[in-house]
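Here is the structure we will look at.
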Amino acid sequence: MRFVISGAAGFVPSHLCDLILSQGHRVVGIDNFLTGNARNIAHLTGNRDFEFIEADVCQPLPGLGEVDCVIHAASPASPKDYYEYPLETLDVGSLGSRNLLELARANSARYLVTSTSECYGDPLEHPQVETYWGNVNPVGPRSCYDESKRFAEAITMAYHRKHGVRTNIARIFNTYGPRMKLNDGRVVPQFLDQALRGNPITVYGDGKQTRSFCYVSDLVRGLLLLSQSDERMPVNLGNPVERTMVEFAEVIRRMTGTQSEIVFEPLPQDDPKRRRPDISKAKRLLGWEPEVDLEDGLKPTIAYFQSIQAGAIA
Ligand code: UDP
């Protein structure tokens, strides 16, 4: 099959490219490097099954040839990035979705959009099941991301209902692993960077808010399975093991062996208090569940950030 993957130089999509290529398919990766990084796909240079196009998917797309599956995975994804690029974030979920859905429609190709647990906002139901409609502040600082992804889901369903495009919607929960940006402000790179430098670990609020962290290899396996399924409604993909941010900081301290102390800083506005996916649907439909536990996933992640800090990875 020939896949088009938007955001190919980003953290999750670059791992998805690797997985799809390893299964003998061809990939056309697209990225405009707004928040992606060329080093994430540098190892694919010279791979005859991989083509790269530097382009903004919000603009008219260049001719891409025949396509079997489109995966729209482009978007700023960390709070720090989407606060910095709110308009680009809204564009890529709306204009970008429209362009890539048209591409799928013109090719009678499959289409998968990487949506997010942020669709649930600061959830009032716990754990989050796909049928929950969410508790999103439509005008808060996170709304540029949340509403962009909610629009992306809506236009995906509209193309399916109106034009019969074979669509899938993945709601991705917190994911971590090598190739995350060291300075993107998310809790995994932030805590690791601080711990590895011996700087204070900054827990926001009282640190009792929870997240559930999925290792990237588990996540991309789920995405590929979902892209082959006939399920049109959203499917949660994430690791259901939930931790408070204080507990997570302690895991980081132990695994890095750092002497860093934990300090408390103000909680950002609208920071979700609890987040854990209900993955019964993915288990039932895809036979998927995470296999990598936090400690096993953190080992290669720590090694990656050590290389970045040491300048060993350009
Ligand atoms: N967080 C923290 N310290 C940091 C960065 C983040 O305590 O230095 C918290 C943040 O307030 C949130 C959680 O970690 O409750 C996860 O934040 P992240 O930015 O990784 O992603 P989110 O899940 O909020 O999209």
Side-chain angles (χ1 to χ4, degrees), residues 10-12 35 73 75-86 89 93 114-123 126-128 134-137 140-150 152 170-216 219 236-253 256 258 260-277 294 297-298 301-302 305:
F11 158 53
V12 167
T35 57
S75 179
S78 77
K80 185 178 161 200
D81 281 344
Y82 56 73
Y83 296 162
E84 188 173 353
Y85 299 112
T89 303
T114 59
S115 184
T116 169
S117 56
E118 283 282 331
C119 287
Y120 303 121
D122 189 5
H126 192 79
Q128 290 77 55
N135 177 41
V136 170
N137 176 352
R142 301 172 88 98
S143 63
C144 57
Y145 184 65
D146 301 7
E147 299 294 7
S148 176
K149 290 291 191 181
R150 287 165 70 102
R171 287 199 182 136
I172 300 176
F173 285 64
N174 294 66
T175 304
Y176 70 99
R179 301 185 196 157
M180 289 189 97
K181 284 199 301 177
L182 194 61
N183 61 349
D184 84 352
R186 278 190 280 197
V187 70
V188 176
Q190 184 110 315
F191 282 6
L192 281 178
D193 188 46
Q194 291 165 339
L196 293 171
R197 292 183 199 279
N199 292 337
I201 297 180
T202 54
V203 169
Y204 297 160
D206 61 10
K208 290 188 182 142
Q209 72 273 32
T210 66
R211 294 292 186 275
S212 311
F213 298 104
C214 186
Y215 189 61
V216 66
L219 192 266
N236 288 339
L237 293 176
N239 190 315
V241 180
E242 182 183 5
R243 285 181 175 76
T244 69
M245 289 310 98
V246 167
E247 285 166 356
F248 184 58
E250 290 297 352
V251 172
I252 297 286
R253 289 187 75 218
T256 56
T258 185
S260 297
E261 54 171 343
I262 293 177
V263 297
F264 291 87
E265 293 192 351
L267 189 68
Q269 188 192 334
D270 296 341
D271 198 279
K273 285 180 266 315
R274 298 185 75 187
R275 188 184 283 160
R276 172 158 66 96
L294 185 62
L298 278 175
T301 310
I302 290 169
F305 283 123

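First listed ligand is number 1; within each ligand, the first listed atom is number 1.
- For M245, every heavy-atom contact with ligand 1 shorter than 4.0 Å involves the side chain, none the backbone.
- If you look at T202 next to ligand 1, the close heavy atoms, those under 4.0 Å, come from the backbone and the side chain alike.
- One finds no salt bridge joining R274 and D122 here, because no Lys/Arg side-chain nitrogen approaches an Asp/Glu carboxylate oxygen to under 4.0 Å.
- If you number the atoms of ligand 1 from 1 as listed, the ones under 4.0 Å from a heavy atom of V203 come out as 7 (O).
- Below 4.0 Å from some heavy atom of N174 lie the following atoms of ligand 1, by number and element: 21 (O), 22 (P), 23 (O).
- The shortest N/O to N/O separation between V188 and ligand 1 does not fall below 3.5 Å.
- The aromatic rings of F173 and Y120 lie tilted to each other, with the angle between the two planes from 30° to 60°.
- Between R150 and D146, none of the side-chain N atoms (NZ, or NE/NH1/NH2) sits under 4.0 Å from a carboxylate O, so this pair counts as no salt bridge.
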Only distances under 3.5 Å count here; give the side-chain donor-acceptor pairs of residues 261-271 to other protein atoms, sequence neighbours excluded, each with its distance to 0.1 Å.
unit_1	atom_1	unit_2	atom_2	d
D270	OD2	N137	ND2	3.0
D271	OD1	R211	NH2	3.1

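- Contacts between R275 and ligand 1 below 4.0 angstrom, taking non-hydrogen atoms only, involve the side chain exclusively.
- Within the 4.0 Å heavy-atom shell around ligand 1 one finds R142.
- Considering only residues two or more places apart in sequence or on other chains, K208 meets the salt bridge (Lys or Arg N to Asp or Glu O under 4.0 Å) condition with none of them.
- Residue-level proximity to ligand 1 for R211 is carried by the side chain, the only part with a heavy atom below 4.0 angstrom.
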